[in-house]
Trainee: 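Quick one: the structure is below, and I'll ask about it shortly.
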Amino acid sequence: MQQSHTPTLVTLGLAGGQGKSTVALMLGRYLGRCGIPVLFIDADPQSSLTSFLGVHVQPNTPTLLEVVTQSEDKTHIVDAIAPVPNVQLDNCTIDNSNLFLIPSDDGLEQANYKLASSGISLFILRNRLQPIASNFGVIIVDPPPERSHLAQTSLGAGDKWVIPAEANVKGVQSLIRTLDLVKEFQSALPYGELLGVVPFRAKWTGIHPTKATKTSIEAMEEIVGSDLMLPHLLESDVYKNAINQRVSPSDLGQPGLEYSIQVLAQKLKPALREQYAKLIPTEIV
Ligand SMILES: Nc1ncnc2c1ncn2[C@@H]1O[C@H](COP(=O)(O)OP(=O)(O)OP(=O)(O)O)[C@@H](O)[C@H]1O
Ligand SMILES: [Mg+2]
């Protein structure tokens, strides 16, 4: 069925370091490489995504703070959209011309107070994005790790939710708490759907997972069922290097490390408008 609107995907996780920003970043970069215009939203005052994308917030330029706390009359959302700069890697230019970002800085924390007093924080980001959404093939939101109003407005903006969770005991606990959050608000968000769970930083020794990785992935599968389990992201310095150099593992000659991201893109494909869905290769490499 042909989709007529741009989906918003949100990486959710109610603990720090679960891979929310990494999965948002890698998925957006992959889709951008396929030719799909991607709008990232950095909804975390820690601003990891803004820094991972190499965007410097200019003085007197609105950020997500103004977008979620002011009306369109006062702050035009288009004025908050920054292009993601291209990156030079060795003699190669990594073209980021399909990538855009509404950035955050640490001032975004203040948005929580305004959102709390609004009484409708769940829908504010979704409503603000609506007029510009059709300019993009997908919108990807990276929320903060705690149960804040910024996390709620991120959740409410999402048509598709993905939960990255570290492949250890803390990750399983984070998954349980995140599913509770989704359950709490699901009836108010009938358009929202959980796409899947991505085990993050899975540790392998040779051809076997470590015991902690194996048992935690099994526990996650028991909680959400096998249909919602996506392939894991391996623990690897290649991701860290890719993040630091502002590129993808495939730019560093390791496309295999993006397998999980490619499977996630396939799951998202039916939600994309046809002109964009057809840009995602059917073959996963
Ligand atoms: N595959 C990997 N293996 C090892 N480390 C990784 C991998 N991918 C990302 N990292 C590192 O893990 C850290 C945590 O990841 P990330 O920032 O994506 O988590 P997060 O859930 O967004 O955290 P926060 O809750 O603080 O926003 C990052 O510093 C990143 O560099
Ligand atoms: Mg993060």
Side-chain angles (χ1 to χ4, degrees), residues 9-30 40-55 63-64 101-106 108-109 111-112 140-148 150-155 157-158 161-179 181-182 196-205 209-210 212-213 216-217 220 230-264:
L9 178 141
V10 189
T11 54
L12 290 172
L14 288 180
Q18 298 298 305
K20 297 176 289 296
S21 303
T22 302
V23 170
L25 176 77
M26 298 293 171
L27 178 68
R29 283 199 183 286
Y30 175 73
F40 291 102
I41 312 282
D42 189 348
D44 185 352
Q46 294 179 99
S47 314
S48 304
L49 192 60
T50 300
S51 99
F52 290 173
L53 288 167
V55 171
T63 63
L64 189 66
L101 168 74
I102 298 185
S104 113
D105 57 23
D106 51 14
L108 181 61
E109 196 68 58
N112 279 314
I140 299 178
V141 183
D142 181 27
E146 72 288 316
R147 256 180 179 267
S148 59
L150 279 165
Q152 277 184 32
T153 207
S154 301
L155 174 76
W161 301 306
V162 176
I163 307 179
E166 254 189 308
N168 58 26
V169 173
K170 184 181 167 196
V172 175
Q173 284 164 352
S174 169
L175 172 61
I176 292 169
R177 293 175 55 228
T178 309
L179 289 169
L181 178 81
V182 170
V197 172
V198 180
F200 178 59
R201 299 181 74 161
K203 294 191 176 75
W204 243 251
T205 46
T210 63
T213 289
S216 58
I217 292 179
M220 290 177 194
L230 292 162
H232 58 264
L233 274 179
L234 264 187
E235 166 81 22
S236 164
D237 283 347
V238 176
Y239 291 95
K240 290 192 209 168
N241 294 339
I243 290 170
N244 291 339
Q245 294 179 65
R246 304 204 166 114
V247 298
S248 295
S250 61
D251 299 317
L252 301 179
Q254 300 269 9
L257 290 178
E258 286 185 51
Y259 176 72
S260 171
I261 297 300
Q262 293 183 15
V263 173
L264 177 55

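It should be emphasised that the depicted structure is a prediction, and the values quoted were computed from it without experimental measurement. Whatever order the structure lists them in is the order used to number ligands and atoms, beginning at 1.
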Trainee: Specify the protein heavy atom at minimum distance from atom 23 (O) of ligand 1: its residue, its atom name, and the distance to 0.1 Å.
Mentor: Gly17 N, 2.9 Å
Trainee: Going by the atom numbers of ligand 1, which of them fall below 4.0 Å from some non-hydrogen atom of Gly16?
Mentor: 25 (O)
Trainee: For ligand 1, is Ile243 a contact, meaning one of its heavy atoms is under 4.0 Å away?
Mentor: yes
Trainee: Could you check whether any side-chain heavy atom of Phe52 comes within less than 4.5 Å of a side-chain heavy atom of Arg246, counting everything from C-beta outward?
Mentor: no
Trainee: May I ask you to list the atoms of ligand 1 that are less than 4.0 angstrom from any heavy atom of Gln46?
Mentor: 24 (P), 26 (O), 27 (O)
Trainee: Quick one: do Leu53 and Arg29 satisfy side chain to side chain contact (heavy atoms under 4.5 Å, CB included)? Show the steps, please.
Mentor: CA-CA 10 Å; Leu53 288 167; Arg29 283 199 183 286; 4.1 Å; yes
Trainee: Answer with yes or no whether the side chains of Ser47 and Asp105 bring together a donor and an acceptor at under 3.5 Å.
Mentor: no
Trainee: Taking 2.8 Å as the cut-off, does an N/O/S atom of Thr22 lie below it from the Mg ion (ligand 2)?
Mentor: no
Trainee: Report yes if the side chains of Leu155 and Val10 come closer than 4.5 Å at any heavy-atom pair, otherwise no.
Mentor: no
Trainee: Taking the side chain as C-beta and beyond, is there a heavy-atom pair between Arg177 and Leu181 under 4.5 Å?
Mentor: no
Trainee: Which atoms of ligand 1 have any heavy atom of Asp44 under 4.0 Å away?
Mentor: 27 (O)
Trainee: Of all the non-hydrogen atoms in the protein, which one sits nearest to atom 18 (O) of ligand 1, and at what distance?
Mentor: Thr22 OG1, 2.5 Å
Trainee: Quick one: look at Thr11 and ligand 1, take heavy-atom pairs under 4.0 Å, and tell me if it's side chain, backbone, both or neither.
Mentor: neither
Trainee: Taking the side chain as every heavy atom from C-beta outward, state whether Tyr239 and Met26 have any atom pair closer than 4.5 Å.
Mentor: yes
Trainee: In terms of residue, atom name and distance, what is the protein heavy atom nearest to atom 12 (O) of ligand 1?
Mentor: Arg201 NH1, 3.3 Å
Trainee: Side chains of Ser48 and Gln46: donor-acceptor distance under 3.5 Å anywhere?
Mentor: no
Trainee: So, for Thr63 and Ile102, which heavy atoms are closest and what is the spacing to 0.1 Å?
Mentor: C-CG2, 4.2 Å
Trainee: So, using side-chain hydrogen bond (donor to acceptor under 3.5 Å, both in side chains) as the criterion, who are the partners of Thr210 when residues are at least two apart?
Mentor: Thr213
Trainee: If you have a sec, work out which protein heavy atom is nearest atom 7 (C) of ligand 1 and how many Å separate them, to one decimal?
Mentor: Tyr239 CB, 3.6 Å
Trainee: Would you mind running through ligand 1 and noting each atom that sits below 4.0 Å from a heavy atom of Pro145?
Mentor: 25 (O)
Trainee: Among Ser21, Ser48, Ala15, Gly19, which one has a heavy atom closest to atom 22 (O) of ligand 1?
Mentor: Ser21
Trainee: Any idea which protein heavy atom is nearest atom 25 (O) of ligand 1, and the distance to it?
Mentor: Lys20 NZ, 2.8 Å
Trainee: For atom 29 (O) of ligand 1, state whether the nearest protein heavy atom is under 4.0 Å away.
Mentor: no
Trainee: Determine whether Phe40 and Asp142 make a side-chain contact, defined as any pair of heavy atoms from C-beta on separated by less than 4.5 Å.
Mentor: no
Trainee: Among all protein heavy atoms, pick the one closest to atom 10 (N) of ligand 1 and tell me residue, atom and distance.
Mentor: Phe200 CZ, 3.8 Å
Trainee: What protein heavy atom lies closest to atom 3 (N) of ligand 1? Include the residue and the distance to one decimal.
Mentor: Ser236 N, 3.0 Å
Trainee: Report, in ascending order of atom number, the atoms of ligand 1 lying under 4.0 Å from any heavy atom of Gln18.
Mentor: 19 (O), 20 (P), 21 (O)
Trainee: Output the list of atoms in ligand 1 that are nearer than 4.0 Å to some heavy atom of Leu234, sorted by atom number.
Mentor: 1 (N), 2 (C), 3 (N)
Trainee: Could you tell me which residues satisfy side-chain hydrogen bond (donor to acceptor under 3.5 Å, both in side chains) with Thr11, sequence neighbours excluded, listed by chain and number?
Mentor: none
